[in-house]
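One structure is given below, encoded as structure tokens.
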Amino acid sequence: MNTRIHQRKSVQTGFIHLILILGAVIMVTPFIWMFLTSVKTLGESTAIPPVLLPKTFQWSNYSKVFLNLPFFTFYWNTFITTVIKVIGQLIICSLAAYAFARISFPGRHFFFILMLSVLMVPGQVFLIPQYMIMKELGWLNSLTALIVPGLFSAFGTFLLRQFFMTLPHELEEAAKLDGCNQFRIYWQIMLPLAKSGMIALAIFTMLWSWNDLMWPLIVNSSPDKMVLSAGIAFLQGEHKTNYTIIMAGSMMAILPMIIIFFIFQRSFIQGIAFTGSKS
Amino acid sequence: MRFNSKRLSDWKWAYIMIMPLMLGLLVFYMWPVFQTFYFSFTEWGAFGKYTWTGLANYKMLFTDKELLQAIRNTSIYIILAVPIGIILSILLAVLLNQQVKGLSIYRTLYFLPVVTMPAAIAMVWKWLYNSDFGLINYVLGLLSIPGPHWLTDNRTALLSIIIVAIWCSIGSHMIIFLSGLQGISSSYYEAASIDGAGPVTKFMRITIPLLTPTIFFVLVTSLIGAFQVFDFIYMMVGDIVMESTQSIVFLYYKYGFLKNNKGYASSIAVLLFTIIMIITYIQMKIQKKWVHYE
């Protein structure tokens with residue numbers, strides 16, 4: 001009797017693993033294929049039937065990407081816009097989020113609703129006027145155009161407000177008695193405690209900024225102001241048939257995010273799970 | 001007196017703290033909404049000059065066959081991608097929640113597409129889909145199934161994009177469902193076991209009802225996301241997109257930035273906004289009927 005239950009249990013776990021492994025294979029195959037194609041010769045990449053493993057790894061495909069495009073510049077542009085957006089949002093959103101969560105001031109409700117209403121509007125509604133603003137300011141084809149609208153985030157503020165709300169009220173009372181002003185309470189007491197929220201926001205901003213395509217496509221067309229995602233689109237235009245080079249470029253574009261994901265896995269997953277449970 | 005000055009100081013700080021955000025949102029997000037509404041009544045010529053044309057763009061909206069097709073494509077995309085994505089990720093989350101060994105490895109692998117640049121993902125899938133050299137048709141060939149011309153055939157192009165979208169979204173949905181599942185108290189399952197309930201009954205009677213708030217959240221966010229599909233279409237099918245794959249947002253991009261008809265593009269944005277608002281409103285209304293909060 002007992003062994004029978006045991007047997008059924010192990011058949012069941014075997015079945016579960018089978019499905020999970022099959023799913024995992026489907027998830028990972030494109031990445032492996034991307035890598036393998038990126039080190040094939042052109043002939044190997046278009047062979048019928050497909051060649052799985054290249055005879056010798058053509059690492060030169062990677063240097064060809066750099067010869068064809070200012071890929072270092074793309075990296076730098078993507079990196080610097082992402083870093084500035086992350087830092088900017090962390091400061092601007094956390095300041096506002098603290099005020100909304102912790103201070104009762106006249107008009108709080110009004111301003112909060114106003115901010116939330118931005119969340120309801122699909123991004124495309126902003127795009128053309130944003131583009132016009134960039135044009136008027138003479139910011140087209142500059143990193144400024146990529147950065148500035150991305151500094152302000154209703155989502156980020158909402159997310160951090162949720163974190164600030166969960167902190168106990170006793171924290172600021174002692175500080176208030178000591179005559180601390182709100183900024184000092186925010187800066188010295190609350191901000192260190194909202195670390196996990198800040199990390200979650202940093203991750204979201206980083207991901208969106210690194211991977212965003214449409215806005216960079218719209219505002220920057222000169223190669224020296226391009227970011228990686230638009231660079232891949234550009235590379236595709238240049239090499240319609242040479243997929244080994246496109247795959248090498250793609251590989252290099254995704255690698256930094258994948259490395260960061262492996263290092264900060266826990267925070268990534270917590271961040272995603274948190275937005276799911278708190279909204 | 002002291003109390004008042006303290007409160008005033010609090011208020012002062014509050015305004016200072018929300019000011020950068022509110023100013024930024026006002027300039028780059030709120031004001032643009034009004035401008036888009038305004039632009040939707042204008043026609044654009046060269047050099048960004050525009051003239052008021054009243055309802056002309058809206059009249060065009062209602063007679064534009066291309067737009068109708070785009071709405072149809074977007075609807076097909078949503079009807080397939082959203083539910084399949086949600087169902088698959090719930091099933092995976094349930095399997096992962098069974099205390100299987102290697103949970104963190106599976107979680108990592110399923111999550112990988114979420115952190116990857118859509119433009120790059122689109123590129124490798126384009127190659128996988130290639131009807132001559134692609135891996136997919138090769139594997140299908142081994143099973144003696146004739147593979148279609150995935151991305152270049154009007155009948156399968158949209159479907160191909162939907163498959164990538166589902167592949168891409170499963171990881172993040174799954175994480176959200178997994179945390180939802182972990183919030184369900186095991187006492188429910190124990191009680192059901194005593195009553196002799198099998199796994200299927202437990203799943204249908206306990207897991208799904210208690211997961212409905214999470215399902216609702218994922219449904220709302222993924223619907224809004226699905227309405228805005230662009231990256232995969234742009235990268236996989238290209239600038240000159242077949243009518244059969246063109247989404248509403250793609251059409252918006254085309255009119256706004258390729259054809260430089262920003263007036264009409266603005267009216268498409270207004271339409272998109274209206275559709276999303278209506279659908280979100282309906283969802284909020286009917287959620288009372290099926291979402292159970294504990």
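Below, read A as the first sequence line, B as the second, and so on, with proteins coming before strands; counting in each chain starts at 1.
- Annotation for P122(A) and F273(B): closest pair CD-CD1, 3.4 Å, computed over non-hydrogen atoms.
- Only the side chain of F230(B) comes within contact range of chain A, judged by heavy atoms closer than 4.5 Å.
- Annotation: maximal heavy-atom pairing with chain A below 4.5 Å, among I176(B), V115(B), L109(B), V27(B), occurs at V115(B).
- Contact of I203(A) with chain B is not made at all, since no heavy-atom distance falls under 4.5 Å.
- Heavy-atom distances place both the backbone and the side chain of V121(A) under 4.5 Å from chain B.
- Rounded to the nearest 0.5 angstrom, W13(B) CH2 and R184(A) CZ are separated by 11.0 Å.
- With a 4.5 angstrom heavy-atom cutoff, I170(B) touches chain A only via side-chain atoms.
- Of the residues considered (C168(B), P118(B), G141(B)), P118(B) shows the highest number of contacts with chain A, using heavy-atom pairs under 4.5 Å.
- M247(A) touches chain B through its side chain: at least one heavy atom from C-beta onward sits under 4.5 Å away, while N, CA, C and O do not.
- Between atom OH of residue Y243(A) and atom CE of residue M123(B) there is a gap of 4.5 Å, rounded to the nearest 0.5 Å.
- Proximity to chain A is limited to the side chain of S179(B), based on heavy atoms less than 4.5 angstrom apart.
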Candidate pair F261(A) and T108(B), rule side-chain contact (heavy atoms from CB on, under 4.5 Å), full reasoning: CA-CA 9 Å; F261(A) 168 58; T108(B) 307; 3.8 Å; yes
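- Considering all non-hydrogen atoms of both residues, I272(A) and S172(B) come closest at CG2-O, 3.7 Å.
- Contact annotation for S153(A): only backbone heavy atoms (N, CA, C, O) come within less than 4.5 Å of a heavy atom of chain B.
- Only the side chain of L207(A) has a heavy atom closer than 4.5 Å to any heavy atom of chain B.
- Nearest heavy-atom pair across M17(B) and Y98(A) is CE-CD2, 3.4 Å.
- When all heavy atoms of A99(A) and I18(B) are compared, the closest pair comes out as CB-CG2, 3.7 Å.
- Rounding to the nearest 0.5 Å gives a distance of 11.5 Å between OG1 of T13(A) and CG of L95(B).
- Within the 6.0 Å centre-distance limit, the rings of F257(B) and Y131(A) are counted as a close aromatic pair.
- For F105(A) and W11(B), the ring centers are positioned 6.0 Å apart or more.
- With a threshold of 4.5 angstrom between heavy atoms, I48(A) approaches chain B through side-chain atoms but not through N, CA, C or O.
- Of the atoms belonging to M19(B), not a single heavy atom falls under 4.5 Å from chain A.
- You'll find the side chain of P129(A) stays beyond 4.5 Å of the side chain of W31(B), heavy atoms only.
- At a 4.5 Å heavy-atom cutoff, the contact between Y106(B) and chain A is made by side-chain atoms alone.
- If you tally non-hydrogen atom pairs under 4.5 Å between each of P106(A), A24(A), A253(A) and chain B, the highest count goes to P106(A).
- One distance of note links CE of M235(B) with OG of S250(A); it measures 7.0 Å at 0.5 Å rounding.
- In this structure, I121(B) and I254(A) have side chains that are not in contact, with every pair of non-hydrogen atoms separated by 4.5 Å or more.
- Looking only at atom types and distance, the side chain of Q182(A) has no donor-acceptor partner in the side chain of K12(B) under 3.5 Å away.
- Contact tally against chain A (heavy-atom pairs below 4.5 Å) for L135(B), V100(B), L91(B), L88(B): the top residue is L135(B).
- Between chain B and the options L217(A), L235(A), I91(A), I185(A), the largest number of non-hydrogen pairs under 4.5 Å is found for L217(A).
- With a 4.5 angstrom heavy-atom cutoff, I246(A) touches chain B only via side-chain atoms.
- Interface check for chain B: of the options V125(A), T29(A), I103(A), L255(A), the most heavy-atom pairs under 4.5 Å are formed by V125(A).
- Residue M252(A) does not touch chain B at all, counting heavy-atom pairs closer than 4.5 Å.
- Looking at S104(A), only its backbone comes within 4.5 Å of chain B, counting heavy atoms on both sides.
- When each of L95(A), I26(A), L127(A) is scored by its heavy-atom pairs under 4.5 Å with chain B, the top score falls to L95(A).
- If you tally non-hydrogen atom pairs under 4.5 Å between each of R107(B), Q98(B), Q99(B) and chain A, the highest count goes to R107(B).
- Across all non-hydrogen atoms, the minimal contact from C93(A) to L21(B) is SG-CD1, 4.5 Å.
- The two atoms that bring I19(A) and Y110(B) nearest to each other are O-OH, 4.1 Å, heavy atoms only.
- The number of heavy atoms from other shown groups lying within 6.0 Å of CZ (F35(A)) is above 12.
- Options P20(B), S9(B), S104(B) differ in how many heavy-atom pairs under 4.5 Å they form with chain A, and the most are formed by P20(B).
- Summarising the geometry, atom CE belonging to M27(A) is positioned 7.0 Å from atom CG belonging to L92(B); distances are rounded to the nearest 0.5 Å.
- Here Q236(A) is the residue among K176(A), Q236(A), M34(A) with the most heavy-atom pairs under 4.5 Å with chain B.
- Environment of CD1 in I105(B): sparse, with no more than 12 heavy atoms of neighbouring residues, nucleotides or ligands closer than 6.0 Å.
- The closest side-chain heavy-atom distance from T46(A) to D132(B) is not below 4.5 Å.
- Both the backbone and the side chain of I128(A) come within contact range of chain B, with heavy atoms under 4.5 Å apart.
- Residue L114(A) touches chain B through both its backbone and its side chain, counting heavy-atom pairs closer than 4.5 Å.
- Taking the six-membered ring for Trp and thresholds of 30 and 60 degrees, F126(A) and Y29(B) have ring planes more than 60 degrees apart, a perpendicular arrangement.
- In this structure, no portion of F34(B) lies under 4.5 Å from any heavy atom of chain A.
- Counting heavy-atom pairs closer than 4.5 Å to chain A, the top-ranked of the candidates I268(B), T214(B), V249(B) is V249(B).
- In this structure, W167(B) has its ring center closer than 6.0 angstrom to the ring center of F31(A).
- Proximity to chain B is limited to the side chain of M132(A), based on heavy atoms less than 4.5 angstrom apart.
- At a 4.5 Å heavy-atom cutoff, the contact between S266(B) and chain A is made by backbone and side-chain atoms alike.
- Between L112(B) atom CG and M257(A) atom CE the span is 13.0 Å, to the nearest 0.5 Å.
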Stepwise side-chain contact (heavy atoms from CB on, under 4.5 Å) test for Y253(B) and I218(A): CA-CA 9 Å; Y253(B) 173 78; I218(A) 288 170; 4.0 Å; yes
